[in-house]
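From a predicted model like this one, the values you see are computed outputs, not experimental measurements. Throughout, protein chains are lettered first and strands after them, A, B, ... in sequence-line order, and every chain is numbered starting at 1.
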Amino acid sequence: MTIDGKIKFFGSNNVNADDSFSFTSATEANAEFLYDRSCSTKLQSSGSDDSTPEVWEITFPGARDIDRVLVANHNIKSGKIEYWNGSAYVAFSPAVTWSAETASTNYFEFTSVSITKIRLTMDTTQVVDAEKYVGELLVFKELGTVSRNPEKANPDYPESSKKYKTSQGGTTYVYFGSKLKIKLDFKQSPQADLTLFRALKDRASPFFVYLSGGQTGYTEEGYREQDIYYVNYINSLKYKLSSTLHGSGVDIKIELAEV
Amino acid sequence: MSTLTELIRRGKQKPIRKCYIKRRDTDGDYEADWVRVDNWKQIDRVAKWGKVSIEVDEEDGVIGSFNISNLSMTVKNEDGLFNVETDARSIWYNYLNRSLTKLKIECGYTDDDDSEVGVVSVFEGVIDDVKIGDNQQAKIKVLSYQTVLKKYDISDLSLTGAKTVDTLVDEIMNQTKITNFIPFVASTANENSTITSIAVGALQNSYWGVLKDMAKFSNSVPFMNITAFAFKARTPGATSVFDFRGHGSRLYDDIFKISSFDDEGKKKVRVHWIAKGTNFEAISTVPLLLKKYLGEPELLTIDDVDDTDKQALVDSLLAEWEYPKPVISFETRFLVNTLEPLNKITIDIKGQTVPIDTFVWDAWNWDDGSKWGKKKGAIIISNSRNWKVLKVEKDLDGWKTKVKAEEILA
């Protein structure tokens with residue numbers, strides 16, 4: 001488990017509409033804010049303070065193998081995430097905890113475990129006695145990390161929009177939204193990466209791409225810690241040997257489009 | 001936080017659209033909570049949202065006409081989510097079939113702080129049919145709740161005895177099988193005519209057909225907006241709910257396009273009404289109107305109405321349709337539910353661009369980059385004139401509204 005800025009891929013988020021939710025004070029009808037793929041819509045406690053832990057329990061419909069958690073746009077200063085081992089809530093290995101946290105997004109890696117429930121406990125907030133909130137909670141299984149990052153990456157955000165001229169010639173611009181589309185140009189990728197790309201291509205469902213790989217400090221949109229996209233691999237899997245020498249890897253371009 | 005009207009009038013808009021369903025369990029009961037499906041398992045599902053419209057008096061001179069449209073939408077179905085309930089991948093798995101599932105669409109706007117403003121249901125109905133295709137999409141046909149009223153026959157009420165229009169309408173609408181879809185609101189007919197006992201016993205039609213007849217017999221309109229039903233006079237609201245501004249406005253303009261403007265409005269004029277086979281009639285006493293519009297009298301079949309109410313009814317109808325009313329249709333911003341038929345609005349079209357009122361020809365410095373806006377004088381409408389909305393069509397994909405309105409005569 002290394003976090004060195006290499007692009008990572010994950011399976012579907014196990015926090016979704018199929019789950020059961022139980023929250024100390026947050027509105028259960030708003031649980032979708034945890035998995036709506038928008039950091040800006042936040043699930044928030046109601047009437048909480050630093051002496052009242054806010055506990056969110058999420059029960060999956062069946063056992064799920066997980067080894068990664070991303071908590072985006074939160075204000076947790078101290079707290080933890082644990083899993084149900086069948087008889088009690090216990091810590092992951094290593095434990096997922098916050099203590100004097102100041103960041104708003106955290107990514108955790110731990111040993112894979114098969115679970116049916118997780119519990120997020122938020123004890124205190126970064127601003128004293130504030131309501132506790134989380135914009136996005138992703139609990140998933142890593143599919144793989146590339147050995148070599150691409151030499152080029154061209155993110156694009158094609159939009160869905162309308163433009164209307166009003167009777168005096170002004171323009172009303174209706175912006176429905178935009179989704180990431182990115183071309184990644186890998187050079188000298190080893191067979192392990194090619195195998196990963198083949199697995200992504202053959203998957204029956206979309207997957208998450210994490211361009212930062214969990215590395216903190218990137219500031220460009222798309223590469224920040226909170227930037228994670230649910231995508232499909234939409235171009236043909238096509239590559240060429242990087243040189244005439246076998247074993248020097250392959251050059252491959254992959255195109256990902258957000259669903 | 002911005003108001004809904006502010007966001008409607010903004011030059012940049014960020015729409016919110018959500019789709020929910022309520023399935024029936026194997027006992028036929030609807031699940032308690034709405035389930036959001038436009039984003040399911042973190043995938044945007046809706047490829048096409050469709051259009052919905054509500055219209056009163058859509059047929060010229062036909063009393064009681066009202067129509068709320070159905071909705072056709074297209075969703076992505078590459079994983080079989082919208083397949084038949086026996087398919088384990090289907091969202092209906094372990095529920096009853098797709099037909100009669102309730103479906104609603106909510107719309108609103110996003111404010112600067114990403115908060116949701118004015119998000120309300122703009123359509124609610126029941127799924128009639130889902131067609132899946134090899135293009136990995138499913139087409140869903142959703143019927144408005146008006147359809148529920150077409151599915152039942154009036155004979156199942158076994159009505160007897162003379163009844164007023166209000167009583168009869170209430171007996172139809174205040175049944176559990178109807179209130180499951182449409183909350184009950186007591187009828188307030190314009191002319192609460194009495195329907196004879198013979199006619200009541202002989203009623204043959206769907207509930208909707210009877211409601212339309214009752215509307216004719218009482219000069220009323222059976223009105224339904226989403227789930228709200230009202231049987232009432234076609235009287236417009238007292239105050240304007242939206243003041244539209246068009247060409248020549250100093251501040252902003254709301255009108256994208258004027259599709260049509262019948263500045264006379266003669267199609268809707270009826271100056272002579274006769275209750276067929278009787279001596280009850282009403283004819284205009286305005287000589288000019290008779291010269292302009294007197295043609296074939298409008299024959300009304302109102303045998304079912306008690307004789308004591310017939311004269312009041314034809315008088316009421318004449319009052320409604322005696323004078324021509326200009327009719328305008330235009331495209332404007334997406335208004336969510338700000339507007340519905342029978343609302344009062346104003347329209348301000350000055351016919352020219354800035355500057356207005358104070359401009360003097362030859363006093364302009366043409367070299368400063370300014371230009372005199374084109375004179376567009378074909379349609380000039382003062383904001384002192386009031387209009388009654390007849391039709392509202394919401395284009396959920398184009399995020400715009402088509403409005404049809406007739407002038408409210410002073």
Side-chain angles (χ1 to χ4, degrees), chain A residues 10-19 21 27-42 44 61 73 135-138 140 159-179 203-208 228-232 257-259, chain B residues 8-18 33-37 39-45 49 76 78-79 91 109-110 113-116 244-258 330-334 349-354 373-374 376 379 395-400:
Chain A
F10 308 98
S12 302
N13 186 8
N14 288 299
V15 181
N16 58 49
D18 292 338
D19 301 341
F21 299 90
T27 305
E28 282 158 25
N30 291 338
E32 67 182 36
F33 293 159
L34 290 176
Y35 55 84
D36 62 0
R37 290 172 46 217
S38 167
C39 285
S40 59
T41 51
K42 298 175 291 195
Q44 182 166 294
N73 192 21
E136 206 69 359
L137 176 62
L138 295 108
F140 39 32
E159 67 182 43
S160 170
S161 63
K162 299 273 182 191
K163 300 180 199 76
Y164 294 111
K165 287 279 184 198
T166 54
S167 53
Q168 294 194 150
T171 299
T172 294
Y173 172 53
V174 183
Y175 177 70
F176 292 103
S178 64
K179 299 283 187 181
R203 272 180 67 81
S205 55
F207 53 89
F208 283 96
I228 188 163
Y229 302 96
Y230 199 43
V231 297
N232 280 310
E258 197 175 2
V259 296
Chain B
I8 288 170
R9 285 200 156 125
R10 253 194 203 161
K12 180 174 180 182
Q13 305 178 334
K14 289 180 75 177
I16 293 169
R17 297 174 293 192
K18 300 177 183 179
D33 299 317
W34 288 98
V35 178
R36 188 172 173 187
V37 294
N39 186 292
W40 183 265
K41 293 196 174 172
Q42 299 153 60
I43 298 175
D44 290 335
R45 297 287 173 170
W49 292 84
K76 298 175 192 167
E78 59 268 19
D79 52 1
I91 199 171
Y109 282 88
T110 310
D113 60 359
D114 283 330
S115 61
E116 297 183 354
F244 290 94
R245 295 177 182 234
H247 206 75
S249 166
R250 285 178 193 269
L251 299 172
Y252 47 78
D253 52 346
D254 306 306
I255 295 174
F256 298 156
K257 185 171 105 178
I258 296 174
F330 59 92
E331 290 183 10
T332 183
R333 303 165 186 278
F334 191 82
I349 299 173
K350 297 190 188 307
Q352 58 192 13
T353 54
V354 291
K374 273 186 189 173
K376 288 191 172 181
I379 299 176
D395 181 345
L396 306 179
D397 293 301
W399 204 248
K400 62 183 176 181

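Nearest heavy atom pair, residue A/Ala17 against residue B/Trp40, reads CB-CZ3, 4.2 Å. Of all the heavy atoms in A/Thr172 and B/Arg10, the pair that sits closest is CG2-O, 4.0 Å.
Atom CD in B/Gln13 sits 12.0 Å away from atom OG in A/Ser161 (nearest 0.5 Å).
Between A/Phe176 and B/Trp399, the ring planes are perpendicular. Angles over 60° get that label, and only those under 30° would be called parallel.
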Query raised in the report: Would A/Val174 and B/Arg333 count as a side chain to side chain contact (heavy atoms under 4.5 Å, CB included) if you check the C-alpha gap in whole Å, the side-chain angles of each, and the deciding distance to 0.1 Å?
Result: CA-CA 10 Å; A/Val174 183; B/Arg333 303 165 186 278; over 6 Å; no

Query - Derivation of the salt bridge (Lys or Arg N to Asp or Glu O under 4.0 Å) call for A/Lys162 and B/Asp397 - result: CA-CA 9 Å; A/Lys162 299 273 182 191; B/Asp397 293 301; over 6 Å; no

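Listed by first then second residue, pairs satisfying salt bridge (charged side-chain N to carboxylate O under 4.0 Å, His left out) with a partner in residues 165-179 of chain A read A/Lys179-B/Asp44, not counting sequence neighbours.
Heavy-atom pairs under 4.5 Å with chain A peak, among B/Asp114, B/Ile43, B/Asp79, at B/Ile43. Among the candidates B/Glu78, B/Glu331, B/Arg17, B/Lys76, the residue making the largest number of heavy-atom pairs closer than 4.5 Å to chain A is B/Arg17.
The side-chain hydrogen bond (donor to acceptor under 3.5 Å, both in side chains) test applied to B/Lys18 returns B/Glu116, not counting sequence neighbours.
Of the two parts of A/Ser12, neither the backbone nor the side chain holds a non-hydrogen atom closer than 4.5 Å to a non-hydrogen atom of chain B. Only the side chain of A/Glu32 comes within less than 4.5 Å of a heavy atom of chain B; its backbone N, CA, C and O stay farther away.
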